[in-house]
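Each chain gets a letter, A, B and so on, in the order its sequence line appears, and its residues count up from 1. Values below: all heavy atoms of this structure, side chains included; hydrogens, waters and symmetry mates excluded.
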Amino acid sequence: MATTALPGRNYLEEDATTIGAWLKAWFLTVDHKRIAILYLLSINFFFLLGGLAASVIRVELITPQGDLLSADLYNRAFTLHGIIMVFFFLIPGIPAVLGNFLVPLMIGARDMAFPRLNLFSWYLYMAGGIFALTAAIFGGVDTGWTFYTPFSSTYANSNVILTITGAFIMGFSSITTGVNFIVTIHTMRAPGMTWFRLPLFIWASYATSLIIVLATPVIGITLLLVAIERLWGVGIFDPALGGDPLLFQHLFWFYSHPAVYIMILPGFGVISELIAAFSRKRIFGYEFIAFSSMAIALLGFLVWGHHMFVSGQSVYAGLVFSFLTMLVAIPSAIKVFNWTATLYKGSISYRTPMLYALGFIGLFVIGGLTGIFLGIVAINIHVTDTYFVVAHFHYVMVGGAIMAYLGGIHYWWPKMTGRMYNEVWGGISALIIFVGFNMTFFPQFIVGYLGMPRRYHVYPQEFQVLHVLSSAGATILAIGFIIPIIYLTISLWKGAIAGDNPWDATGLEWEVSSPPPTHNFTTTPVVTREAYDYPPDAAEVDAANWRPGSPL
Amino acid sequence: MQDFPLFPEQASTFAGPVDVLYWTLVGLSLIFGGILPFIILYLMVRYHRSQKVDRTNQLHSSLPLELTWTVIPLVLVLTVFFWGAFLYIDMRTPPDDSLEIYVIGKQWMWHVQHPNGKRENNELHIPIGQPVKLIMTSQDVIHSFYIPDFRVKQDVLPGRYTIMWFEATQPGEYHLFCAEYCGTEHSLMVGRVVALRLADYERWLATPGEIILPDGSVGGAVPALVEAIGDPMELAGGQLFASLGCAGCHRSDGLGIGPNLAGLYASEVRLTDGSLVFADENYLRESILNPGAKIAAGYANVMPSYEGQVSEDQMNQLLAYIKSLADANVE
Amino acid sequence: MAHHEHEHERGHIGPATYYKVFAALMVLMFLTVGAWWVEGMLNIPRALGVFIAVAIASTKTVLIVLFFMHIKVSSRVTQLYAVAALVALLFMFVITMGDYFARGWPPELGPLP
Amino acid sequence: MATTTSTSSSHAHADHGHADHGPELQHHFSTAAQQKEAATLGMWVFLVTEVMLFGGIFMAYAVYRWAFPDIWAEAAYHLNTPLGTINTVVLLVSSLTVALAVSAAEAGKRTRIIQLIVVTMLLGLAFLGLKAYEYSEKFAHCAGYSTPIEWVTNTNQHAVYECLVPGQAFLFPADKTTGASNAPTVAGQPTPYQLFFLLYFIATGLHAVHMLIGLAIMSYLVFITWRGTISSTYFTPVEIGGLYWHLIDIVWVFLFPLFYLVH
Ligand code: HEA
Ligand code: HEA
Ligand code: CUA
Ligand SMILES: [Cu+2]
């Protein structure tokens with residue numbers, strides 16, 4: 001079917017002649033690139049599933065009555081949506097797909113430090129996913145993705161233990177990935193690849209891994225304690241024994257706040273790559289962007305209590321957490337400003353990845369700034385547990401992290417598959433997503449400030465207009481997500497041969513062939529220059545070469 | 001779809017200040033969220049590869065610039081932080097003369113009892129122009145008491161009391177929501193808050209009515225008792241105090257096995273290990289349910305636990321009674 | 001490049017050191033039990049007792065980590081990771097306990113039931 | 001950003017002494033030293049996650065000990081401190097033998113490695129045995145026997161015994177300071193005493209699970225040493241296996257005073 005052939009002997013090529021050998025070559029592979037592909041397919045599957053649940057939620061919310069779903073089913077729908085999107089899509093998302101594919105390539109290594117552990121982590125991920133799916137099939141869970149006690153431990157009679165097991169196993173998958181990244185980045189860099197020559201994506205991945213390693217075990221043990229409480233009938237958080245349900249929240253958010261940075265930091269890394277590549281110049285303030293990732297990772301550990309302002313924690317704790325929350329915004333601000341400054345005097349092209357990158361900045365800024373609203377306690381009291389929060393986190397997670405994910409997928413698609421996707425459709429769907437997204441989630445800020453509580457499937461009449469608007473937006477958004485799946489799939493056969501460096505970008509990954517050979521580098525590269533060292537006149541040359549008809 | 005508000009009503013003394021802070025933040029966000037994208041758009045167009053503009057002398061880092069965009073946001077966020085912090089402290093400090101109303105949350109309803117003993121379900125009647133302090137607890141899971149038009153919200157926890165206060169400014173009916181997810185009918189755990197002028201509120205208080213108690217039994221509001229000395233919640237508590245046998249040990253002459261409870265509420269209690277605790281609702285509750293946890297100095301650990309013997313409802317009445325003893329002492 | 005991190009030949013810890021460390025560990029162990037036994041008769045403040053026990057346990061940990069686990073002669077990165085967990089735990093303990101200590105502040109809620 | 005030269009993978013060998021790697025060098029590493037550093041660092045990062053895992057339990061412990069100091073003291077009285085002490089000694093000795101095994105590995109003395117690891121494993125088993133005895137003592141009391149042996153042989157059942165296993169049957173002796181068991185409180189009464197024993201069972205249980213994993217690792221080490229994989233140039237498995245064992249020891253070093261030595 002292929003019109004033209006890809007360069008030979010790449011990691012996608014198969015010696016396998018029998019099905020068995022083929023299965024073995026893919027499912028027992030220790031090649032980080034193949035593992036990335038396994039992750040890509042499974043994670044996108046979970047995204048679609050989570051999106052399906054989101055669609056159900058949005059359809060139900062068109063009317064103020066509960067006509068499509070019963071209260072119970074609705075609760076199971078948003079719980080499934082939250083758990084899948086957080087634990088099985090966004091947390092593994094960028095690190096496990098793009099990170100797995102790129103980290104060894106970018107630092108000039110032949111593979112991850114522990115290739116078999118890498119494969120194992122995919123199996124853990126799948127095992128966790130299967131537990132969660134089983135739980136969903138046999139009736140689902142209705143605790144919300146936050147599993148608050150004592151509801152989850154004593155009162156809920158749904159498949160809490162099964163789901164918790166799934167999340168627990170998935171946590172270990174996360175941990176093994178994190179350990180692998182840290183060790184790989186420390187010990188496998190090619191000669192000459194000093195810390196300040198690393199691409200910013202590597203810095204971001206490193207910061208992410210640090211959070212994974214330090215925070216994930218805590219949620220593991222916390223969920224385990226909830227499971228024990230359910231099994232044993234008495235528990236650590238049980239108020240009947242004098243236990244404190246708030247302790248659960250402390251432990252849960254000790255992980256889950258840093259976890260939001262697990263979701264966004266790799267996205268920051270991707271955006272840094274995209275902005276530099278499509279402005280054709282060295283990124284502005286390299287060191288500041290690099291260190292702000294580390295600062296976010298560190299400060300991120302100190303602010304978890306901003307999810308508990310009205311929970312009954314002490315007023316002092318509320319003030320301290322609020323204060324620290326203000327601080328954690330600063331490194332993000334630094335990044336945003338540096339990206340903007342990079343555009344100045346660049347030669348900007350509106351290729352699909354860049355459209356996503358620019359969309360990312362706009363949407364993340366809105367999401368981040370509303371995070372500041374939420375961090376101010378006096379305002380948080382009114383808007384916490386309303387759609388204002390829902391809008392905030394979709395702005396950062398969908399408008400931020402998913403934009404970065406899609407931008408990254410498009411940018412490295414030629415490297416991963418050797419083929420170009422359709423640029424026209426790429427641009428169109430990026431615009432559809434941008435419009436649909438804002439239409440879905442902007443009204444939620446308003447309805448949230450009006451007082452619409454989250455996790456409500458029946459709501460007062462006067463909120464309906466905004467909900468209908470939001471559901472309409474979600475339809476557009478869904479279309480926007482489906483189009484890329486179609487044209488990216490088609491490009492596997494029909495796409496133009498990409499060549500080794502279609503974007504004329506810097507970075508070791510662009511120096512190997514597309515798709516890369518199995519062992520990445522036949523000779524170990526020796527790095528002598530900094531990251532993003534576009535020639536000083538690169539932007540000028542690029543602009544000078546532009547003719548009407550060249551890509552925008 | 002008749003009415004379609006874009007902004008909640010302002011019906012309490014907090015609503016104004018919170019909204020001012022909110023609009024300030026919206027304004028600040030417009031500066032960043034509005035102007036920044038504008039700058040980006042401008043750069044996108046001006047430095048698009050099709051534009052023939054000067055691209056020489058590129059800059060790759062600049063400490064002054066970095067400092068500028070670190071310090072300015074920092075100053076701004078710290079300013080709004082302090083603003084919000086003072087407002088928050090205010091929102092968490094009920095005035096001493098607040099009207100105290102007891103709230104119990106349970107799956108999936110709100111149960112309210114007023115000092116005179118009048119009860120209501122999924123409704124809260126309050127006077128305007130008067131600080132109201134809600135003393136709230138839950139029988140089962142965590143709930144959250146939320147009145148959007150007052151801009152107040154507080155989680156309600158099993159096993160302890162949380163407190164929330166507000167002062168309504170406009171007579172009217174407002175939404176009451178449960179904002180913390182609490183199970184199947186979370187979204188049906190709603191009701192209304194009825195703010196009345198003081199005279200109307202008092203008239204309402206005196207109107208008899210029948211109500212289902214949290215344990216399922218029927219309890220009436222007891223208007224007959226209003227004429228008796230003190231409030232019926234205290235009276236009911238006093239009866240419990242006698243019938244549960246508390247009075248045998250806690251005698252008002254101070255000669256019992258246990259301490260005299262008059263004046264206890266809102267005082268500092270010295271414990272056997274020398275430390276001081278503040279005798280608030282949570283301390284009283286603990287002393288009754290788990291007397292061994294903190295032992296008052298000079299007394300033996302002989303008080304039995306009443307765990308499982310008093311309902312949340314009765315606990316509130318006992319507290320109202322013990323607090324009334326405190327009042328009596330002050331006078 | 002990462003290689004310089006392990007290019008220096010690792011220092012060496014031999015059996016003689018292990019025996020000494022072990023002896024110290026045993027002494028500390030008896031110290032902690034001894035302290036407990038003595039405290040039982042002395043009626044000292046509880047916090048002090050906890051402090052002594054945790055201090056001794058921490059000393060033991062430091063000895064094990066430094067010598068048995070070779071951190072003393074490990075690469076700088078490994079040393080950093082050995083303290084990383086400690087720092088994260090410290091964040092968690094200090095902030096969470098801070099909340100519990102502070103909850104007594106009137107008019108907020110009193111001590112835990 | 002990079003120039004690809006043909007220095008190939010030999011770049012780091014030159015200045016590195018041992019260019020003659022055994023078959024244990026995996027293809028994606030350039031040098032044995034790099035592989036060793038990766039393995040050691042990997043183990044340490046993993047240990048960090050283990051510390052955080054136990055950290056969650058210690059956090060819960062700290063909160064409740066702070067909230068219920070008296071109850072903690074009374075409850076701890078019912079743990080078997082002599083057994084706990086013996087177990088501490090057992091574990092500390094096992095840490096020594098593991099450290100010595102690593103020394104032996106550095107020297108390439110295979111028989112000695114195997115001897116030392118086997119001793120370690122025996123100590124580990126002894127620890128688990130004592131732990132099992134402690135647990136069964138608690139369960140025996142719940143079943144109404146004073147010792148596990150009486151429980152198993154079904155002799156001498158008491159009428160009422162205290163039950164320190166959290167759950168419906170939980171029964172904390174009313175005479176809290178002496179442990180006299182004839183005047184128990186109401187069965188299943190939900191009191192913070194249960195929190196202590198819950199934490200005790202969960203923390204020591206999780207520790208025991210780690211012990212089992214440690215034993216599995218040790219048997220694997222014996223196997224590969226016996227097979228001849230370990231030599232004075234390649235002993236990384238022994239070293240990182242040892243690291244894991246020491247961590248288990250460290251966890252116990254904290255569990256012991258925090259649960260058994262409380263006033
Ligand atoms: C990718 C995920 C992600 C990210 C990156 C963030 C980022 C931030 N979040 Fe968000 N958040 C979530 C995901 C995320 N959040 C989720 C999932 C929830 C809900 C969980 C649940 O309950 O289910 C939540 C909830 C949540 C709450 C609790 C709400 C509640 O339930 O009451 C708070 C409160 O402080 C908060 C704050 C912040 C802040 C301050 C940031 C900051 O990091 C943002 C920093 C960024 C900027 C500030 C923008 C860029 C900067 C500039 C343009 C410069 C100018 C800036 C200034 C002048 C300040 N978030
Ligand atoms: C990464 C995280 C992530 C992502 C991507 C999304 C994506 C979306 N979310 Fe989600 N959301 C959360 C994380 C996320 N969400 C979390 C954590 C919660 C809180 C849960 C809780 O309260 O516990 C939440 C809650 C939440 C609510 C609030 C529910 C409530 O409180 O009552 C709503 C309501 O509108 C919503 C809507 C949406 C929509 C419309 C999308 C859209 O962007 C989705 C668009 C995608 C699609 C529409 C998929 C397209 C494909 C198909 C439809 C075809 C399917 C085909 C096959 C399966 C073969 N989400
Ligand atoms: Cu009660 Cu939600
Ligand atoms: Cu957060």
Side-chain angles (χ1 to χ4, degrees), chain A residues 71-72 75 144 148 150-151 155 239 242 245 281-282 284-285 288 310-312 315 319 322-323 326 329-330 333-334 337 340 343-349 358 361-362 365-366 369 372-373 376-379 381-382 384-385 446 450-451 453 455-458 460 462 464-465 539-540 542-543 546, chain B residues 1 3-6 8 18 21-22 25 29 32-33 36-37 39-40 43-44 47-50 55 58 60-61 66 69-70 73-74 77-78 80-81 84-85 87-88 91-92 140-142 144 146 148 151-155 157-159 162 175 177 179-188 290:
Chain A
D72 204 32
N75 296 341
Y148 273 16
F151 181 69
Y155 290 85
K281 71 190 270 272
R282 180 166 160 66
F284 193 88
F288 286 88
V310 301
S311 67
V315 173
L319 290 172
S322 173
F323 180 78
M326 297 301 110
I330 302 304
I334 293 177
F337 291 125
T340 311
L343 299 177
Y344 180 67
K345 290 195 170 175
S347 175
I348 299 165
S349 61
L358 295 168
I361 299 183
V365 165
I366 299 180
L369 286 170
I372 303 287
F373 286 51
I376 310 274
V377 205
I379 293 184
I381 289 179
H382 174 49
T384 182
D385 275 320
I446 302 171
L450 271 172
R455 297 164 169 178
Y456 262 35
H457 96 305
V458 173
E462 68 255 32
Q464 190 178 9
V465 175
E540 281 189 311
D542 183 68
W546 194 85
Chain B
M1 232 182 271
D3 60 343
F4 170 33
L6 289 176
V18 169
L21 179 54
Y22 177 74
L25 277 166
S29 303
F32 288 100
L36 195 75
I39 298 176
I40 293 175
L43 291 173
M44 272 169 69
Y47 289 103
H48 185 254
R49 55 202 306 215
S50 63
R55 289 189 172 83
Q58 290 175 349
H60 296 307
S61 69
E66 300 285 353
W69 58 53
T70 307
L74 189 63
V77 287
L78 289 187
V80 281
F81 163 74
L87 189 49
Y88 168 57
M91 292 171 90
R92 281 303 164 82
D140 36 48
V141 303
I142 302 178
S144 189
Y146 179 32
R151 313 286 187 275
V152 288
K153 183 185 290 129
Q154 174 62 53
D155 281 8
L157 301 155
T162 50
H175 285 301
F177 293 128
E180 185 64 77
Y181 177 69
C182 54
T184 313
E185 286 175 23
H186 163 62
S187 60
L188 301 175
N290 181 18

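- In this structure, the portions of A/Phe284 lying under 4.5 Å from any heavy atom of chain B include both its backbone and its side chain.
- Contacts of A/Val365 with chain B are made by side-chain atoms alone, with heavy-atom separations under 4.5 Å and no backbone atom involved.
- Comparing A/Ser311, A/Ala333, A/Gly362 by heavy-atom pairs within less than 4.5 Å of chain B, the highest count is held by A/Ser311.
- Using modelled atom types and a 3.5 Å distance limit, the side chains of B/Tyr146 and A/His382 yield a donor-acceptor pair.
- Ring planes of B/Trp69 and A/Phe337: parallel class, angle under 30° (limits at 30 and 60°).
- B/Thr162 has its side chain out of reach of A/Val310: every pair of non-hydrogen atoms, C-beta onward, lies at least 4.5 Å apart.
- Contact tally against chain B (heavy-atom pairs below 4.5 Å) for A/Ile366, A/Ile446, A/Thr384: the top residue is A/Thr384.
- For a residue to count as touching a neighbouring chain, one of its non-hydrogen atoms must lie under 4.5 Å from one of that chain's; by this rule B/His175 touches chain A with the side chain only.
- No other option in A/Pro453, A/Pro245, A/Ala329 has as many heavy-atom pairs under 4.5 Å with chain B as A/Pro453.
- In this structure, chain B has a heavy atom under 4.5 Å from the side chain of A/Ile330, while its backbone stays farther away.
- A distance-only check finds a donor-acceptor pair linking the side chain of A/Asn75 to the backbone of B/Thr184 [under 3.5 Å].
- With a 4.5 angstrom heavy-atom cutoff, A/Tyr155 touches chain B only via side-chain atoms.
- When each of B/Pro73, B/Pro37, B/Ser29 is checked for heavy-atom pairs under 4.5 Å with chain A, B/Ser29 comes out on top.
- Contacts of B/Val18 with chain A are made by both backbone and side-chain atoms, with heavy-atom separations under 4.5 Å.
- Taken to the nearest 0.5 Å, the CD1 atom of A/Ile361 stands 4.5 Å off from the CD1 atom of B/Ile40.
- At a 4.5 Å heavy-atom cutoff, the contact between A/Leu319 and chain B is made by backbone and side-chain atoms alike.
- Residue contact with chain A, scored on non-hydrogen atoms closer than 4.5 Å, involves the side chain of B/Met91 exclusively.
- Both the backbone and the side chain of B/Leu25 come within contact range of chain A, judged by heavy atoms closer than 4.5 Å.
- Interface remark: of the candidates A/Gly144, A/Gly285, A/Ala378, A/Ala378 forms the most heavy-atom pairs closer than 4.5 Å to chain B.
- Interface summary for chain B: among A/Asp385, A/Leu450, A/Leu343, the most heavy-atom pairs under 4.5 angstrom belong to A/Leu450.
- Looking at A/Ile381, both its backbone and its side chain come within 4.5 Å of chain B, counting heavy atoms on both sides.
- Ring pair B/Tyr181/A/Phe151: centre-to-centre distance below 6.0 Å.
- Applying side-chain contact (heavy atoms from CB on, under 4.5 Å) to B/Phe177 and the options B/Ser187, B/Pro148, B/Ser144 leaves one that passes, B/Pro148.
- Proximity to chain B (any heavy atom under 4.5 Å) is restricted, for A/Phe288, to the side chain, taken from C-beta onward.
- A/Met326 approaches A/Ile372 most closely through the heavy-atom pair CE-O, 3.9 Å.
- Under a 3.5 Å cut-off, the side chain of B/Glu180 and the backbone N or O of B/Ile142 do not form any donor-acceptor pair.
- The heavy-atom pair separating B/Ala179 from B/Lys153 by the smallest distance is CB-CE, 3.7 Å.
- Using a 4.5 Å heavy-atom threshold, the side chains of B/Leu78 and A/Phe323 count as touching.
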